[in-house]
Amino acid sequence: MAEKSFANIHEYTVGELSGAIKRTLEDGFGFVRVRGELGRVTRAASGHMYLDLKDDKAVLSGVMWKGNVARVSINPEQGMEVVASGRISTFPGQSRYQLIIDSLEPAGVGALMALLEERKKKFAAEGLFDVDRKKPLPFLPEIIGVVTSPSGAVIRDILHRLRDRFPRHVLVWPTLVQGKGADQTIAGGIKGFNQLNQDGAIPRPDVLIVARGGGSLEDLWCFNEEAVVRAVAESEIPVISAVGHETDTTLIDYVADRRAPTPTAAAEMAVPVRTELLSDVISLSQRLLTTQGRAMDARRNEVRSAARGLGRPEDLLATPSQRVDRASDRLTAALKARSGALQTRLAAVGSKLGVPLLAASLERIRSRTAALASRLDQSQKTAFASRQQALSATRLSPVVLLRQFEERSRDHGRQSARLLRLGPGLVKAPGDRLSKAGGLLEALSYRNVLERGFALVRNGEGAVIASAQGPADGQTAMVTFKDGDRQIVFAGPAGEKAASRPKPAEKTKANSQKQGQRLDPKRSTSKKTVQTSLFDEN
């Protein structure tokens, strides 16, 4: 067999052959659309994205330049079924062909729903949808934060509804709600509101509303992105999800604290109706007044029943009043008896001394004691009358009146006991002074001198004769000894004889007899004369 000759076959270099293959593929597959499942997805630092499209039979490498990556509306992830549009080319450096992707989109609603279910299971497994982690909404927030597009109809519907129900201060964080980068702006708005200080220049909201109008699944896909879901889950401020219409469901509806079917419904959840609150307050006020009135009526009936069971105040106070009257009478009688005994004692001492000055002092003490007794009696009667008037005029309960009367009775008893203790002292002090004065007078009295053998000589007028030169011859005088009085006649000096003494004339004798009769101490000597002589002697 002759050997096969390759001399007539064109010889290519490696680069020439690779270039020829590249041109052939690019000419034959200038524009293609490939459907497949995403495998490996890699984003380079340069901004290019490298990925693999696969099915159950083959794998196709693909590359998307950074200019086209910025225009992709979805976030490519492994396992997502997509449709890639572009051209087939080669990479000579590795001797492989690849798909240069110009656009990338989900492969129908079914693929997006499958990806949505996969993410839903993932977040549910992490516990982001648990009910116990959801925060309650404030009853009446002062500030409401809204994360939405500032140019759409959503924000106007929310403001209009808040104005109708209960006007509140609203802060809007403008964001994209569709397309590339919308998920980052929405997540940034939620985090930005949470980073505000409560007392800062821009106050921190009390509740957040993440809102968007209706649309297709592709339009609402940014609210299913992981960045938005985790931002809502990490928010310290309660979040209300209001994305799409009532039939639209996104992942933030499960992780938010409350889900509203529409943005208008979210505004209704955020604040109550002001008129309904006013009506509730009025109704509660009326119920409170009615309840208070019933309670007062019940208490009033209880007091009346208790009053009927206790009886009249007059009946309750009759026995204590009688005890007070008897105690008052006994106190007055005791004071009078004590005063009378002291007066009798003082009178005895005064009569023994025979001094009008002491009698006057005794009389003043007697008058003062009588005045004190009269004032005490009058004060007791006045106090008791005032208590009776107060009891008859008061409208307090019988229990309170009885308690007050017992307290005042105890006070009156204490005052009476104090007066009984002080009464003898008031009388005793003057009596002691009188006793001391009587003792001193008794010690200094001339009668003690008479007991020692001396005599007291007084003239006809009762004056003491203290000198021998005082009386004239023939003058009569009265000499008082310790056991009685004797009448004498002065005759002359002691050295003269008795015979030379002149006899008193009849007239003088008669006058002496008259004077003797007038000066008889048993008949005519007055207390005033005794008092004068006593004081002159001392």
Query raised in the report: Is the backbone of Asn301 close enough, under 3.5 Å, to the side chain of Ser305 for a donor and an acceptor to pair up by distance?
Result: yes

Query - Nearest atoms (heavy-atom pairs only) where Leu60 meets Tyr97 - result: CD1-CE1, 3.4 Å

Query - Arg43 side chain reached by Pro76 side chain, heavy atoms, under 4.5 Å - result: yes

Query - Criterion side-chain contact (heavy atoms from CB on, under 4.5 Å) against Val210, the qualifying member of Thr175, Ile240, Thr148, Ile190 - result: Ile190

Query - Side-chain donor or acceptor of His48 paired with backbone N/O of Trp65 under 3.5 Å - result: no

Query raised in the report: Can Leu171 and Trp173 be said to form a side chain to side chain contact (heavy atoms under 4.5 Å, CB included), step by step?
Result: CA-CA 7 Å; Leu171 295 178; Trp173 194 291; over 6 Å; no

Query raised in the report: Should Ile144 and Pro205 count as side-chain neighbours, where that means a heavy-atom distance under 4.5 Å?
Result: no

Report task. Kindly say whether Leu251 contributes a backbone atom to a donor-acceptor pair with the side chain of Asn224 at under 3.5 angstrom? Result -> yes

Requested in this report: Count the heavy atoms belonging to other residues, nucleotides or ligands that lie under 6.0 Å from NZ of Lys336, then report whether that count exceeds 12.
Outcome: no

Query raised in the report: Do side-chain atoms of Lys54 reach the backbone of Gly36 as a donor and acceptor pair under 3.5 angstrom?
Result: no

Query raised in the report: Any side-chain heavy atom of Phe123 within less than 4.5 Å of one from Tyr254?
Result: no

Query - Exercise: identify the closest heavy-atom pair between Ala233 and Leu128 - result: CB-CD2, 3.9 Å

Requested in this report: Take atom CD of Glu126 as the centre, draw a 6.0 Å sphere, and report whether it contains more than 12 heavy atoms from other residues, nucleotides or ligands.
Outcome: yes

Query raised in the report: Do Asp157 and Arg161 have side-chain heavy atoms sitting under 4.5 Å apart?
Result: no

Requested in this report: Show your working on side chain to side chain contact (heavy atoms under 4.5 Å, CB included) between Gln198 and Asp206 and close with a plain yes or no.
Outcome: CA-CA 9 Å; Gln198 190 68 34; Asp206 300 316; 4.3 Å; yes

Requested in this report: Please examine the side chains of Leu51 and Ile101, heavy atoms only from C-beta on, and report whether any two atoms are closer than 4.5 Å.
Outcome: yes

Report task. State, to 0.1 Å, how close Arg165 and Val271 come at their nearest heavy-atom pair, and which atoms those are. Result -> NH2-O, 3.0 Å

Query raised in the report: Less than 4.5 Å apart, any side-chain heavy atom of Leu284 and any of Leu288?
Result: no

Query - Ser241 side chain to Asp253 side chain, donor-acceptor N/O pair below 3.5 angstrom - result: yes

Query - Exceeds 12 heavy-atom contacts within 6.0 angstrom, atom CZ of Arg274 - result: no

**Report entry** Heavy-atom neighbours of Asp297 CG exceed 12 at 6.0 Å
**Finding:** yes

Query raised in the report: What's the spacing between Thr264 OG1 and Ile158 CD1 if we round to 0.5 Å?
Result: 7.5 Å

Query - CA sep, side-chain torsions, deciding dist, call: Val147, Thr185, side chain to side chain contact (heavy atoms under 4.5 Å, CB included) - result: CA-CA 9 Å; Val147 180; Thr185 58; over 6 Å; no

Report summary line: When rounded to the nearest 0.5 Å, the distance separating CG of Leu38 from CD of Glu81 is 9.5 Å

Query raised in the report: Will you find, in the side chains of Asn194 and Glu236, an N or O donor that is under 3.5 Å from an N or O acceptor?
Result: no

Report task. For the pair Arg326 and Asp329, find out whether any cationic side-chain nitrogen is under 4.0 Å from an anionic carboxylate oxygen. Result -> no

Query raised in the report: Got Ile88 and Leu99 here, is their nearest side-chain heavy-atom distance under 4.5 Å?
Result: yes

Query raised in the report: If you measure from the Lys or Arg side-chain nitrogens to the Asp or Glu carboxylate oxygens, is any gap between Glu234 and Arg230 under 4.0 Å?
Result: no

**Report entry** Minimum-distance pair of heavy atoms, taken over all atoms of Ala270 and Ile209
**Finding:** CB-CD1, 4.4 Å

Query raised in the report: What's the verdict on side chain to side chain contact (heavy atoms under 4.5 Å, CB included) for Arg168 and Leu140, showing C-alpha distance, side-chain angles and the deciding distance?
Result: CA-CA 9 Å; Arg168 298 280 90 184; Leu140 185 60; 4.0 Å; yes

Requested in this report: Measure from the side-chain N and O atoms of Asp257 to the backbone N and O of Val239, and report whether any donor-acceptor pair falls under 3.5 Å.
Outcome: yes

**Report entry** Nearest-0.5 Å distance that lies between atom CE in Met64 and atom OG in Ser103
**Finding:** 7.0 Å

Query raised in the report: If you round to the nearest 0.5 Å, how far is CZ of Arg212 from CG of Asp248?
Result: 9.0 Å

Report summary line: Interatomic distance, OG@Ser85 vs CD@Glu105, rounded to 0.5 Å, equals 6.0 Å

**Report entry** Flag if over 12 foreign heavy atoms under 6.0 Å of NE2, His169
**Finding:** yes

**Report entry** Side-chain touch Val255/Phe129, heavy atoms, less than 4.5 angstrom
**Finding:** yes

**Report entry** Inter-residue atom distance Thr90.OG1 - Gln98.CD, 0.5 Å rounding
**Finding:** 7.5 Å

Query raised in the report: Would you say Ile202 has more than 12 foreign heavy atoms packed within less than 6.0 Å of its CD1?
Result: no

Requested in this report: Work out which heavy atom in Leu196 is nearest to a heavy atom in Arg204; give both atom names and the distance.
Outcome: O-CD, 3.4 Å

Query raised in the report: Is the count of non-hydrogen atoms from other residues, nucleotides or ligands lying under 6.0 Å from Arg258 atom CZ greater than 12?
Result: no

Query raised in the report: Between the main-chain N or O of Thr275 and the side-chain N or O of Ser279, is there a donor-acceptor pair closer than 3.5 Å?
Result: no

Query raised in the report: For atom CD of Glu246, is the number of surrounding heavy atoms from other residues, nucleotides or ligands below 6.0 Å larger than 12?
Result: no

Query - Where Lys135 and Ser235 come nearest, the two heavy atoms and their spacing - result: NZ-O, 3.0 Å

